[in-house]
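Letters A, B, ... are given to chains in the order of the sequence lines, protein chains preceding strands, and every chain is numbered from 1.
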2 protein chains.
Amino acid sequence: MIENLEYDAILEQFKRILRENGLKYTKQREVLIKTLYNSDEHFTPEKLYLYIKEQYPELNVGIATVYRTLNLLEESEMVTSISFGTQGKKFELATKPHHDHMICKKCGLIVEFEDQIVEKRQLGIAKEHGFKLTGHMMQLYGICESCSKNNIKGR
Amino acid sequence: MIENLEYDAILEQFKRILRENGLKYTKQREVLIKTLYNSDEHFTPEKLYLYIKEQYPELNVGIATVYRTLNLLEESEMVTSISFGTQGKKFELATKPHHDHMICKKCGLIVEFEDQIVEKRQLGIAKEHGFKLTGHMMQLYGICESCSKNNIKGR
DNA sequence: GTTACTGCAAAGTGTTTGCAAATCC
DNA sequence: GGATTTGCAAACACTTTGCAGTAAC
């Protein structure tokens with residue numbers, strides 16, 4: 001299944017895919033995959049573009065390259081994308097362990113969690129429907145402990 | 001003619017929301033919610049527009065109206081939307097019984113499911129983090145059986 | 001009669017593509 | 001040196017908005 005590969009291993013895999021397809025290993029591609037690896041964020045293409053532009057100004061990266069690289073990586077199954085509501089598409093490395101979010105509707109607190117029972121069950125559900133599972137998104141909504149206690153009026 | 005109480009109830013709710021907000025009940029809005037009710041499909045705005053145009057040519061409906069009505073309905077929580085890949089947003093009536101979605105990343109197929117093990121576990125997870133659960137959303141992403149078989153590279 | 005709604009077209013978004021110059025192998 | 005990749009800008013696809021006429025209340 002999904003292993004948590006070290007960065008070097010991820011990079012090697014990336015280089016291998018490029019080599020096998022007669023593609024080239026460029027600074028832009030290196031920086032993009034490194035950024036995805038080093039961050040826990042789910043990046044939109046726009047955000048990723050702005051971040052790389054700021055961190056590596058000498059590269060003078062273009063947003064078209066970010067889109068092209070993300071699409072390339074997604075086709076190679078090295079990144080996955082998911083959509084959060086209206087916020088558009090977000091990308092993350094396929095090799096990272098997945099986590100879900102629990103969101104407090106009063107104060108906006110976000111708690112990350114990972115649950116083996118749910119993860120396992122998802123595989124079962126997918127199998128029952130003939131799907132090959134590549135990812136998932138689960139968000140729980142509720143009221144956090146703090147907000148429950150101090151029944152403060154929220155937004 | 002067979003009476004359909006459920007539809008009448010949905011329509012009443014819709015009319016009530018309109019009334020409460022000083023909005024009007026138009027033929028276009030009527031036809032749109034009726035179409036969503038009568039179909040099991042998840043409609044993209046485009047598809048919904050084409051369908052209504054074909055079924056009710058005398059209305060000469062515009063796509064802007066479809067978008068505006070869907071947004072209105074979503075704000076009123078009468079429809080929900082899910083988005084995936086590059087294929088845009090899909091809408092369905094919110095009054096359908098609770099279910100989650102499994103989405104094929106290649107062809108956009110949406111399969112609905114409901115799973116008691118996951119539902120129960122969610123309550124447990126919330127409790128472990130001191131949350132009082134009020135709702136959730138879960139989407140599984142993968143490759144459907146049909147797309148796995150025809151593993152042809154292409155758009 | 002007043003107000004909201006509609007279709008149309010134009011304007012916004014976000015994403016992709018064509019091209020000449022730059023970079024990698 | 002030859003091929004791919006890049007940034008740029010233009011093109012594209014999807015969604016929203018401004019407007020003047022129309023329909024609902």
Does [X] have a side-chain nitrogen or oxygen under 4.0 Å from the phosphate oxygens OP1 or OP2 of [N]?
| X | N | value |
| --- | --- | --- |
| A:T26 | D:dT4 | no |
| A:R19 | C:dC25 | no |
| A:N60 | D:dC8 | yes |
| A:N71 | C:dT16 | yes |
| A:K27 | C:dC24 | yes |
| B:Q28 | D:dA23 | no |

Figure out the [atom1]/[atom2] separation between [X] and [N], and round it to whole Å.
| X | N | atom1 | atom2 | answer |
| --- | --- | --- | --- | --- |
| A:I52 | D:dT6 | CD1 | P | 11 Å |
| A:L32 | D:dG7 | CG | P | 11 Å |
| B:F14 | C:dC5 | CZ | C1' | 12 Å |

* Nearest 0.5 Å please: distance from the CG atom of B:L36 over to the NZ atom of B:K34. =>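 One finds 12.5 Å between CG of B:L36 and NZ of B:K34.
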
* To do: Check every strand shown and say whether A:L59 touches a base, only sugar-phosphate, or nothing at a heavy-atom separation below 4.0 Å.
  =>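 Touches sugar-phosphate only.
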
* Touch class at under 4.0 angstrom, heavy-atom based, for A:R68 against every strand present ->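 Counting heavy atoms under 4.0 Å across all strands, the contact made by A:R68 includes a base.
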
* **Side-chain donor/acceptor of B:K24 to base of D:dA23, under 3.5 Å** =>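 No, the side chain and the base share no sub-3.5 Å donor-acceptor pair.
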
* Asked: Side-chain donor-acceptor pair under 3.5 Å between B:H42 and B:E112, yes or no?
  ->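 Yes, side-chain donor-acceptor contact under 3.5 Å.
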
* Among all residues two or more places apart in sequence or in another chain, which pass the side chain to side chain donor-acceptor pair (under 3.5 Å) test with A:E58? ->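 Partners of A:E58 under the side chain to side chain donor-acceptor pair (under 3.5 Å) test: none.
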
* **Closest listed nucleotide, where the reference is the side chain of B:T65 and the choices are D:dT17, D:dG7, C:dT6** =>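 That would be C:dT6.
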
* Over all atoms of both residues, closest heavy-atom pair of A:M78 and A:F14 ->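 Heavy atoms only, the tightest pair is SD-CA, 3.7 Å.
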
* Salt bridge or not for A:R16 and A:E20, using N-O below 4.0 Å? ->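 Result for this pair is yes, salt bridge flagged.
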
* Asked: If each of B:P45 and B:Y25 is mapped to the nucleotide of DNA chain D with the nearest heavy atom, which maps nearer the 5' terminus, i.e. the 5' end?
  ->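 It is B:P45, whose closest nucleotide lies nearer the 5' terminus.
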
* Between B:K53 and B:L18, which has a closest nucleotide on DNA chain C that is more 5'? ->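 That would be B:L18.
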
